[in-house]
Amino acid sequence: MTEPLLKVERLRKSFGSNEVLAGIDLEVHERDVMCIVGPSGSGKSTLLRCLNHLEKPTSGIIFLRGEPIGLRWKGNRLHEMTFDELSRQRRRMGMVFQGFHLFPHKTALENVTEAPIIVKGLRPDVARAEAMEMLEKVGLADRADYFPRQLSGGQQQRVAIARSLAMKPELMLFDEPTSSLDPELVGEVLATMRQLADEGMTMVVVTHEMLFARDVADHLIFMDGGVIVEQGDPKQVLTRPRHERTQSFLARVLPEAV
């Protein structure tokens, strides 16, 4: 077994007296797709935000290719990274949120080129060429000159995916990327994500789309109460869940699976 691309050990996160994550251990291997499901308030999104230190863990440690996230060795002890060090490290992980967070005054192409030019220092012509490749990948090359207000919600989310891909991340994090979309627009975003999975992009996806998780994920995690209740092969977890809490959750959200 090769070393995991991402490894999480004993991760805990509290907000005041409220412990949202109560000791998470997981591994994600290169080219794998991990889907995380569970009820609202189970800690799914907090876990995802801890992976790239948008939320600072209360305790525990996260490794990307063996390198601690948000921490650096000084002698034989770990110390918190500076903001600049953490920013450089975060570039290795792309993140797509529920909201699109596009610049409303910039075109789709300009939204995708912004970070490569400003953050990575690419020449504008190189950034534009690479951005067009990313827009073509998500099926929006013909919308490069459109502003966000001229795009549907699904198209805006695909621009957001292209924007993350333009930074050439090693890992993509998706936080319920279809939850704010009208039902008829969900399919186009899921199709883009399915294409990325087919191309070998390593992905961690918090989602309510159970059929996507069943068909695309290599590993499925069910969370509740800040812990991993059950995990394993998606088809096994969704059709033959072992834990009573998993069974009751799936009976409500996917009755045909149990």
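Between the CE atom of Met223 and the CD atom of Gln231 there is a distance of 11.0 Å, given to the nearest 0.5 Å. Between Ile221 atom CD1 and Met34 atom CE the span is 4.0 Å, to the nearest 0.5 Å. Atom CD in Glu114 sits 11.0 Å away from atom CE in Met167 (nearest 0.5 Å). From Leu26, atom CG reaches atom CG of Leu11 across 8.0 Å, with rounding to the nearest 0.5 Å. The distance from the CG atom of Leu196 to the OG1 atom of Thr202 is 11.0 Å, given to the nearest 0.5 Å. In this structure, CD1 on Ile36 lies 10.5 Å from CD on Glu176, to the nearest 0.5 angstrom.
Both Val159 and Met193 sit in one connected hydrophobic cluster of ILVMFWY residues. Membership requires side-chain heavy atoms under 4.5 Å apart, directly or through other members. Clustering ILVMFWY residues whenever any of their side-chain heavy atoms sit less than 4.5 angstrom apart, transitively, puts Leu165 in the very cluster that holds Val112. No path of Ile, Leu, Val, Met, Phe, Trp and Tyr side chains, each step under 4.5 Å between heavy atoms, connects Met81 with Leu51, placing them in separate hydrophobic clusters. No single ILVMFWY cluster, assembled from side-chain heavy atoms under 4.5 Å apart, contains both Met203 and Met210. Cluster annotation: Phe249 and Val206 are assigned to distinct hydrophobic clusters (Ile/Leu/Val/Met/Phe/Trp/Tyr, side-chain heavy-atom contacts under 4.5 Å, transitive).
Considering every non-hydrogen atom in both Thr46 and Val20, the closest pair reads OG1-CG1, 3.6 Å. Shown here for Val216 and Val33, the closest heavy-atom pair between the two residues is O-CB, 4.0 Å. The nearest pair of heavy atoms linking Val96 to Ala160 is CG2-O, 4.3 Å. Summarising the geometry of Pro116 relative to Ala127, their closest heavy-atom pair is CB-CB, 4.3 Å, with the distance given to 0.1 Å. Here the shortest heavy-atom pairing between Gly70 and Leu86 reads CA-CD1, 3.9 Å. Contact record, Leu220 with Ala213: CD1-CB, 3.9 Å, taken as the closest heavy-atom pair.
For the side-chain hydrogen bond (donor to acceptor under 3.5 Å, both in side chains) condition, the pairs that include at least one residue of residues 83-103, sequence neighbours left out, are Glu67-Gln89, Glu67-Arg92, Arg72-Glu85, Thr82-Glu85, Arg92-Glu170, Gln98-Ser179.
Under the 4.5 Å side-chain criterion, counting only non-hydrogen atoms from C-beta, Thr2 is in contact with His29. With a 4.5 Å cut-off on side-chain heavy atoms, Cys50 and Glu55 count as touching. For the pair Pro177/Glu209, no side-chain contact is recorded, criterion being any heavy-atom separation below 4.5 Å from C-beta on. Looking at heavy atoms from C-beta onward, Asn52 lies out of side-chain contact with Ile69 at the 4.5 angstrom threshold. Leu48 places a side-chain heavy atom less than 4.5 Å from the side chain of Met95. The shortest distance between side-chain heavy atoms of Glu110 and His105 does not fall below 4.5 Å. At a threshold of 4.5 Å between non-hydrogen side-chain atoms, the residues Leu238 and Phe222 do not count as touching. A heavy-atom distance below 4.5 Å is found between the side chains of Leu122 and Glu130.
Checked against ring pair (Phe, Tyr, Trp, His ring centres under 6.0 Å), His243 has no partners two or more places apart in sequence or in another chain. Under the side-chain hydrogen bond (donor to acceptor under 3.5 Å, both in side chains) criterion, Thr113 pairs with no residue, sequence neighbours left out.
No donor-acceptor pair under 3.5 Å is formed between the side chain of Lys56 and the backbone N or O of Lys13. Proximity of a side-chain donor or acceptor of Lys44 to a complementary backbone N or O of Gly38 within less than 3.5 Å is detected. When atom types are taken as modelled, the side chain of Glu230 and the backbone of Val237 share no donor-acceptor pair closer than 3.5 angstrom. At least one donor-acceptor pair under 3.5 Å links the side chain of Gln157 to the backbone N or O of Phe97. The backbone N or O of Ser42 sits nowhere less than 3.5 Å from a side-chain atom of Asp224 that would complete a donor-acceptor pair.
At a threshold of 4.0 Å, the pair Asp233-Lys235 does not count as salt-bridged, since none of the basic side-chain nitrogens sits closer than that to a carboxylate oxygen.
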Check step by step if side-chain contact (heavy atoms from CB on, under 4.5 Å) holds for Gln150 and Gln155.
CA-CA 9 Å; Gln150 298 172 301; Gln155 290 170 335; over 6 Å; no
Before giving the answer on side-chain contact (heavy atoms from CB on, under 4.5 Å), spell out for His208 and Val253 the whole-Å C-alpha distance, their side-chain angles and the decisive distance to 0.1 Å.
CA-CA 9 Å; His208 292 297; Val253 301; over 6 Å; no
Arg194 and Asp215: CA distance, side-chain angles, deciding distance, side-chain contact (heavy atoms from CB on, under 4.5 Å) verdict
CA-CA 9 Å; Arg194 186 187 297 262; Asp215 295 340; 4.0 Å; yes
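Side-chain heavy-atom separations under 4.5 angstrom define the hydrophobic clusters, and Phe103 shares its cluster with no other residue. Residues Ile61, Phe63, Leu71, Leu78 make up the rest of the hydrophobic cluster containing Trp73, defined by ILVMFWY side-chain heavy atoms closer than 4.5 Å, directly or through other members.
Heavy-atom neighbours of Glu244 CD from other residues, nucleotides or ligands within 6.0 Å: at or below the threshold of 12. Heavy atoms from other residues, nucleotides or ligands lying under 6.0 Å from CZ of Phe15 number more than 12. For Lys120, the NZ atom sits in a packed shell: over 12 heavy atoms of surrounding residues, nucleotides or ligands are nearer than 6.0 Å. Around CZ of Arg31, the count of heavy atoms belonging to other residues, nucleotides or ligands within 6.0 Å does not exceed 12.
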Acceptor/donor pairs from residues 134-149 side chains to any protein atom, 3.5 angstrom cut, sequence neighbours excluded:
residue, atom, partner, partner atom, Å
Lys137, NZ, Glu199, OE1, 2.9

